[in-house]
Amino acid sequence: MTATLLLTDPLFLQHDPGHGHPESPARLQRILGVLARAPVEGTVMGVPRSATDAELAAVHTPELLAYLKRLSGHEAQIDPDTQVSPDSVDAARLAAGASIKAVEEVMAGRARNAFALVRPPGHHAEPGRAMGFCLFNNVAIAAEAGRRLGAERVLILDWDVHHGNGTQESFYSRRDVLYQSVHQFPYYPGTGAAPEVGVGEGEGYTVNVGLPGGNSDADYGMIFEELFLPMAEAYRPQLILVSAGFDPHQNDPIGGMEVTERGFAAMCASMRSLAERVCGGRLVLLLEGGYSLEGLSQSVHACIEVLAGRGDSFPSGTTHADAKQALIASRDALRPYWSVL
Ligand SMILES: [Zn+2]
């Protein structure tokens, strides 16, 4: 059987948003340290390539691409949260390219599934604006690559604690990409309310579950089992991408959730088995947020074990009433479009 492909590169450590910034090179360093100490059988490390201008332009405006090109080689402040160092734009271009390569390898059957261990993250980057620690929208760029490679329907599942406003915007009026997000709400960046379900052709193909905070593995399990998975089964994606942010971790200094390593492993396992049922296992995880170095690195390691074949299920536990309420609000918003709900 083919292996789980892990893509990373030393250039990702050269993106330095400044001293004390939570999205620090130490995040990826810690992940790589854990993997070096406890390698996962059934995985191979691969070398990414940079995204081309055309691949970036599938998602981003010429103005944004020109603006970021001008910042290459310089230090600059894009917004209060988003800084670049001289290597940042090159790192971001390589992060987008790693995401594309992961899709290429999985679509071609050369990898069982893949995890792109990249920074900077991507899901806040809008077609025309870099923001929220993100320069290029890696997952949106990867979805476009998957479409070009013949995937007629692509599922993007986003479990980062923040709403992926940039990803939502990229596909809001389209049904060839189904976007499902569970996140803290109201919270940064402000989007992601349940009634945001898409427009035009894309109406019903954006799914937002906004949780108030303090939610557990069991809450996430309920949302997966009662909303995300039934919709995804009915959609029959030909490629599944995960915006894998680990800031819902219980120790995360930014997020306000109570998810554990076991919860992340269970979310990953449910995506792996969905992929195996509906699309020949074609599943790619892309690293987004996650700011507890220990929580992040242990959770990433647990997900890699799952990608390589370990089974996992959501720990039993009681769900919270506010999570149930959020689930009902989202399901009610989507019900007009989905007979399975
Ligand atoms: Zn986040």
Side-chain angles (χ1 to χ4, degrees), residues 12 15 17-18 20-28 30-31 78-83 88 92 95-96 99 115-126 129-142 156-170 179-193 196 207-215 217 219-220 223 241-261 263-264 267-268 271 285-300 303 326:
F12 299 141
H15 163 54
H21 195 287
E23 205 289 277
S24 71
R27 299 176 57 238
L28 185 53
R30 182 73 78 94
I31 291 169
I78 292 176
D79 72 18
D81 306 313
T82 316
Q83 288 84 249
S88 294
S99 308
F115 200 153
L117 299 167
V118 300
R119 41 186 305 279
H123 74 153
H124 293 308
E126 296 176 348
R129 180 163 63 144
M131 60 176 274
F133 312 171
C134 303
L135 303 186
F136 301 121
N137 193 313
N138 303 322
V139 77
I141 290 165
I156 299 177
L157 189 290
D158 187 332
W159 73 50
D160 189 279
V161 83
H162 302 97
H163 180 240
N165 57 297
T167 311
Q168 170 166 301
E169 188 183 325
S170 299
Y179 179 61
Q180 299 181 322
S181 178
V182 55
H183 46 268
Q184 194 165 335
F185 185 87
Y187 203 50
Y188 183 88
T191 48
E196 295 169 29
V207 183
N208 284 302
V209 182
L211 297 172
N215 301 99
D217 293 342
D219 293 326
Y220 279 74
I223 288 156
L241 306 177
V242 176
S243 264
F246 295 86
D247 40 13
H249 191 277
Q250 58 184 355
N251 297 340
D252 194 272
I254 292 183
M257 295 298 176
E258 298 293 334
V259 176
T260 70
E261 286 89 343
F264 288 110
M267 288 193 271
C268 185
M271 287 296 110
L285 269 62
L286 308 177
L287 183 62
E288 300 280 2
Y291 307 100
S292 154
L293 296 183
E294 186 63 13
L296 167 69
S297 56
Q298 295 301 332
S299 300
V300 166
C303 284

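Indexing begins at 1, ligand by ligand and atom by atom, following the structure's order. Below, all heavy atoms of this structure are taken into account, side chains as well, without hydrogens, waters or symmetry copies.
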Query raised in the report: Do any N/O/S atoms of H124 come under 2.8 Å of the Zn ion (ligand 1)?
Result: no
Query raised in the report: Counting backbone and side-chain atoms alike, does E288 have an N/O/S atom under 2.8 Å from the Zn ion (ligand 1)?
Result: no
Query raised in the report: Can you tell me the N, O or S atom of D247 that's nearest the Zn ion (ligand 1)?
Result: OD2
Report task. Using ring-ring contact (aromatic ring centres under 6.0 Å, His included) as the criterion, list what pairs up with H15, not counting sequence neighbours. Result -> none
Query raised in the report: Taking only residues two or more places apart in sequence, or in another chain, which ones meet F136 in a ring-ring contact (aromatic ring centres under 6.0 Å, His included)?
Result: H60
Query raised in the report: How about H163 and S181: does a side-chain donor come under 3.5 Å of a side-chain acceptor?
Result: no
Query raised in the report: Can a donor-acceptor pair be found between the side chains of D217 and T260 at a distance below 3.5 Å?
Result: yes
Query - Opening angle between ND1 in H162 and OD2 in D160, taken at the Zn ion (ligand 1), to 10 degrees - result: 150°
